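All chains are named by letter (A, B, ...) in the order of the sequence lines, taking the proteins before the strands, and each is independently numbered beginning at 1. Small disclaimer: the values here were computed from a predicted structure and weren't measured. Values reported hereafter were calculated over all heavy atoms of this structure, with side chains retained and with hydrogens, waters and symmetry mates removed.
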2 protein chains.
Amino acid sequence: MQSDKHKKQYTSEDVARLAGVSQSTVSRVFAGNMGVSEKKRKKILEIANELNYQPNAHARSLITRKSKLIGIVMRRIRNPFYSAVLEIFHARFSALGYNLIFINSDNEEITESEISKLLEYNVAGVIVSDAILSPEAEARFKRHGIAIVLFNRYVEHADYSAVFCDNYLAAKQIARYLVETGHRSFAFISGPQDTSITIDRLRGFREVLADKNITDLLVESGQYTYESGFKATQELLTRDKSIDCIFGGNDVIALGAMDAIRLIGMKVPDDISVVGFDNILMTGWFSYMLTTWEQPLEEMVDTTVSLLIDDITNKLRKPQTLMMKGHLIIRNTVKVRS
Amino acid sequence: MQSDKHKKQYTSEDVARLAGVSQSTVSRVFAGNMGVSEKKRKKILEIANELNYQPNAHARSLITRKSKLIGIVMRRIRNPFYSAVLEIFHARFSALGYNLIFINSDNEEITESEISKLLEYNVAGVIVSDAILSPEAEARFKRHGIAIVLFNRYVEHADYSAVFCDNYLAAKQIARYLVETGHRSFAFISGPQDTSITIDRLRGFREVLADKNITDLLVESGQYTYESGFKATQELLTRDKSIDCIFGGNDVIALGAMDAIRLIGMKVPDDISVVGFDNILMTGWFSYMLTTWEQPLEEMVDTTVSLLIDDITNKLRKPQTLMMKGHLIIRNTVKVRS
DNA sequence: AGTGTTTTTGAATACGTATGCATAATAAGG
DNA sequence: CCTTATTATGCATACGTATTCAAAAACACT
C-alpha cells in the first residue's frame with residue numbers, strides 16, 4: 001500500500017501539542033537547546049522520537065538565512081586522486097555537520113547553471129576543485145555572500161582563498177632528483193597547458209635544468225589520462241630515442257608512460273626512468289611501483305575546510321593563498337645512472 | 001570589503017515591484033511559467049537578470065513539500081567502479097534537474113544520523129549503492145514517503161526496487177569460460193562473504209563446476225581491495241600450488257592477484273589465469289589487460305534513475321528487482337589450456 | 001456593440017521553523 | 001517571607017515562495 005504518499009509529516013507544532021509546550025520550546029530544543037528545562041527537554045525528545053519527528057531543514061534555512069550545505073564542484077571524479085579528495089572532504093564536512101551538494105563539472109569552467117543551483121540552495125560555501133572560476137562567476141558568489149575556496153588551483157589576485165600543492169617547488173625537487181641520479185635527457189608530459197599547475201611545474205622543472213646547463217627537454221601536453229600519457233610517450237619515443245627520463249604531469253599519465261615504454265620492449269627504469277605526481281593508490285601496485293610526488297592530501301583538505309569555515313563564520317582573515325609542500329616517494333622507477 | 005555579509009538577497013517580491021507586477025506572477029514565471037503573458041514574462045526576466053535574482057529553493061521546497069534533491073549514499077568511493085557510478089548518476093540526475101546530496105558511508109549499514117540528514121532535507125529520493133538498508137532504516141524512509149532504489153545490492157522481499165548485475169549468471173558464464181578453456185583447479189577470491197553479491201557469484205560458480213564434476217575449488221574472502229586480493233593470493237599459493245585459475249570478486253582484487261602471482265615469478269596467464277569483475281578503467285591498462293566481466297553500468301544507472309523517478313512522481317509500478325546481464329570482456333589473462 | 005469564453009493577474013494564505021519581546025516561573029539573597 | 005535577579009516559556013511574527021480563488025482583461029464570435 002504505497003499509495004498514500006503525502007502523509008502528513010509531523011512538525012514541531014505536533015510535538016509541541018503532544019508534549020504540552022509551545023512550538024518555540026520545541027524549536028529551542030532542536031536548534032541549540034539552550035534555555036529549556038531538563039524536564040521539558042526530555043519530554044519533548046521523547047515525543048519527537050515517538051513521532052519520528054525530523055526538523056525541516058528548508059524551513060530552518062529559510063528563517064535562518066543560512067544553510068548547512070556546502071557545494072563541492074569537481075571535475076574528473078573518475079581520476080583516483082579526486083575520488084580520494086572527495087572522500088576526505090566528505091569526512092571532514094560531515095564531522096562538522098555540513099552536507100555536500102556534489103557537482104561534477106564537465107567543463108574546465110563552472111557553468112552558469114551549476115552556479116545557479118548552488119545559489120538557489122543558498123549554500124554556505126563552495127569548494128572549487130580543479131576548475132576555473134571566472135570573474136563573473138566569482139562575482140555571483142560574492143554578491144550572494146557565499147564563501148569560496150579554490151582547491152588545487154589558483155588564480156592571481158583573486159579575492160578568495162586557494163589551497164594547493166607547491167607545484168613549482170615540487171617540480172624543482174623532482175628535477176633535482178633526476179639530475180642527481182644522473183639523467184641527461186628529459187621529457188615532461190603535462191596536462192592541459194594553460195593551467196597554473198602545468199605552468200608552475202614546467203617553470204620549476206626548467207629552472208633546475210637551466211641551472212645545470214641542461215637544455216635537453218622535450219615537452220608534450222595532453223589530458224590527465226592514462227591514454228594521453230600513453231600516446232604522448234609513444235610520440236616522444238618515435239621523436240627522440242635518447243630520452244632517459246619522463247616526468248608525468250600526474251600519476252595516471254606516468255602510468256600510461258610506463259606501459260608505453262614497456263610495450264615497445266624497453267625497460268623502466270633501466271632504459272627510461274619515470275616520475276609521477278599525486279601518489280594515487282595505483283602507484284603502489286607492484287606492476288608499477290612508481291616513484292612519485294605525494295601531495296599532503298589530508299593536510300590540504302583540512303586547510304581548505306578550515307579556511308572555508310572561517311569565512312562562513314565571519315572569522316575571516318583576508319583571502320589566503322596557501323601552498324603545501326608534500327614530498328617525494330621513492331619507489332622503483334628511477335634508476336641511478338652514474 | 002568583505003564585511004557586509006548579510007546583504008539583502010533579492011526576492012520575487014523585489015522583482016515584482018520593479019517589474020510592476022505581483023509576486024504571484026513572478027513566481028509563475030520561475031516555477032512553470034504557464035499562464036503569463038509574453039510581455040510581462042520578458043520584463044520580469046529582464047529585471048530578475050538585472051538584480052541577479054535567484055529563486056530560493058528552500059522556500060520553494062517548504063511550500064511545495066517537495067525537493068529536487070536526491071540523496072546518494074555510497075561506500076568506498078575510492079573504488080574506481082564507484083567513482084564511475086557516481087559520475088554517471090550525477091550526469092543523469094543533473095540532466096533531470098535534480099541535485100545530489102552525497103554521502104559516503106563508512107559502514108556497511110547506513111547510519112541513523114545519515115538517514116536523519118536526508119530526511120531533514122526532505123530529499124525526493126535516495127539511491128543506496130552497495131550498502132545495507134535495515135528494515136528500520138527502510139521504515140524511516142517509507143514513513144516520510146521517500147522513494148528508495150538499491151543499486152548493486154538487493155534484499156529479499158524488500159519493499160523497494162533494486163537494480164544490480166545478475167551475479168549468478170555472470171559467475172556461471174565465467175566458470176563455463178574457464179572450464180571450456182581447459183582449467184581444472186579453481187580459486188575464488190571474494191569480497192565480504194555475507195553479501196548478496198558474493199553469495200550469488202559463489203553459487204553460480206559452484207554450480208557450473210559441480211555440473212562438470214569439478215570439486216577442486218578454493219575460496220578466500222576478504223575486502224574489495226588490491227591488498228586483500230594480493231594477500232589472499234599469496235595465501236592461496238602457499239596453500240596449493242596447483243591452482244590454474246583465479247576468479248576475483250572484483251577487478252581490484254584480481255589486479256592484486258595478478259601482481260601477487262607475478263611477484264613470486266609465476267606468469268599470468270601461462271601459469272595461472274585470472275578473471276575479474278566490473279571492467280574498471282585499470283583493467284585495460286597494458287600492464288594488466290585483465291579479462292573481466294563488464295557490468296552494463298550506464299544501463300544499470302539509467303534503469304535505477306528511472307525507477308526512482310517513477311516512484312517519486314507516483315507513476316510507480318510495484319517495487320521491482322531488476323537484474324542486468326553484462327558480458328565477458330576477453331583480454332589477455334586467461335590461457336587456453338588444452 | 002454585446003455576449004460568452006478563455007487567459008492573465010493579484011490578493012491572500014500556507015509551508016515549518018527561529019527568534020525578539022514580554023511575561024511567568026523559579027532561584028537567590030537577605 | 002519579601003525583594004530582586006535569573007531563567008524558562010509562550011505569543012507573535014518573519015523568512016520567500018507556490019497556489020487557490022475571484023476578479024479583470026483579452027479574445028472570439030455573432
Side-chain angles (χ1 to χ4, degrees), chain A residues 6-45 47-48 51-69 116 119-124 144-145, chain B residues 6-45 47-48 51-69 116 119-124 144-145:
Chain A
H6 291 295
K7 318 171 204 194
K8 159 99 170 130
Q9 298 301 321
Y10 291 111
T11 72
S12 52
E13 210 115 21
D14 297 318
V15 176
R17 192 162 19 80
L18 291 176
V21 300
S22 75
Q23 181 271 331
S24 328
T25 306
V26 176
S27 170
R28 280 189 262 262
V29 168
F30 282 90
N33 68 339
M34 5 117 55
V36 31
S37 70
E38 193 55 29
K39 187 175 164 182
K40 302 211 166 180
R41 211 182 78 88
K42 247 187 154 174
K43 177 75 176 169
I44 288 173
L45 286 176
I47 300 279
L51 295 189
N52 263 278
Y53 166 71
Q54 288 293 142
N56 183 319
H58 298 296
R60 177 177 292 171
S61 283
L62 186 57
I63 186 71
T64 303
R65 299 158 140 269
K66 287 175 193 156
S67 86
K68 284 294 203 174
L69 291 170
S116 292
L119 295 182
E120 281 180 24
Y121 279 98
N122 191 24
V123 293
H144 289 252
Chain B
H6 292 293
K7 317 170 206 196
K8 158 98 170 132
Q9 298 300 321
Y10 292 111
T11 72
S12 54
E13 210 116 21
D14 297 317
V15 176
R17 193 165 15 81
L18 291 177
V21 300
S22 75
Q23 181 270 331
S24 325
T25 306
V26 175
S27 170
R28 280 189 263 260
V29 169
F30 282 89
N33 70 338
M34 5 118 53
V36 30
S37 69
E38 193 54 29
K39 188 175 165 182
K40 301 210 167 179
R41 211 180 78 88
K42 249 190 153 170
K43 178 72 176 172
I44 288 172
L45 286 175
I47 301 279
L51 294 191
N52 262 278
Y53 165 72
Q54 290 290 144
N56 183 318
H58 298 296
R60 177 176 292 173
S61 284
L62 187 56
I63 186 70
T64 301
R65 301 157 137 268
K66 288 175 192 158
S67 87
K68 284 294 202 173
L69 291 171
S116 291
L119 295 181
E120 281 180 25
Y121 280 99
N122 190 24
V123 293
H144 288 252

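- Tested against B:V29, the residues B:M34, B:R41, B:K42, B:K40 include a single side-chain contact (heavy atoms from CB on, under 4.5 Å) partner, B:R41.
- Not one side-chain nitrogen or oxygen of B:S24 sits closer than 4.0 Å to the OP1 or OP2 atom of C:dT9.
- Under the side chain to side chain contact (heavy atoms under 4.5 Å, CB included) criterion, B:I47 pairs with B:V15, B:L18, B:A19, B:K43, B:L51, not counting sequence neighbours.
- Near-neighbour residues of DNA chain D inside residues 56-63 of chain B, defined by a heavy atom below 4.0 Å, number-ordered: B:N56, B:A59, B:R60, B:I63.
- B:K40 has a side-chain polar atom (N or O) that falls below the 4.0 Å cut-off from OP1 or OP2 of C:dT9.
- Under the 3.5 Å distance criterion, the side-chain polar atoms of B:D14 are matched with a main-chain donor or acceptor of B:T11.
- In this model, a side-chain donor or acceptor of A:Q23 finds a partner on the base of C:dA18 within 3.5 Å.
- In this structure, CG in B:N52 is found 5.0 Å from NE2 in A:H144, a value given to the nearest 0.5 Å.
- Contacts of B:L62 classified as side chain to side chain contact (heavy atoms under 4.5 Å, CB included), with partners at least two apart in sequence or in another chain: A:N56, A:A59, A:L62.
- For DNA chain D, the contact window with chain B, defined by any atom under 4.0 Å from a protein heavy atom, covers D:dG16 to D:dT20 in 5' to 3' order.
- Among residues two or more places apart in sequence or in another chain, the side chain to side chain donor-acceptor pair (under 3.5 Å) test is passed with B:Q23 by B:S12.
- Considering B:I63, B:T64, B:L69 as possible partners of A:H58, the one that fulfils the side-chain contact (heavy atoms from CB on, under 4.5 Å) test is B:L69.
- Applying the side chain to side chain contact (heavy atoms under 4.5 Å, CB included) criterion to B:T25, with sequence neighbours excluded, gives B:V21, B:S22, B:V36, B:I44.
- Using a 4.0 Å heavy-atom criterion, one finds that A:Q54 contacts the sugar-phosphate atoms exclusively.
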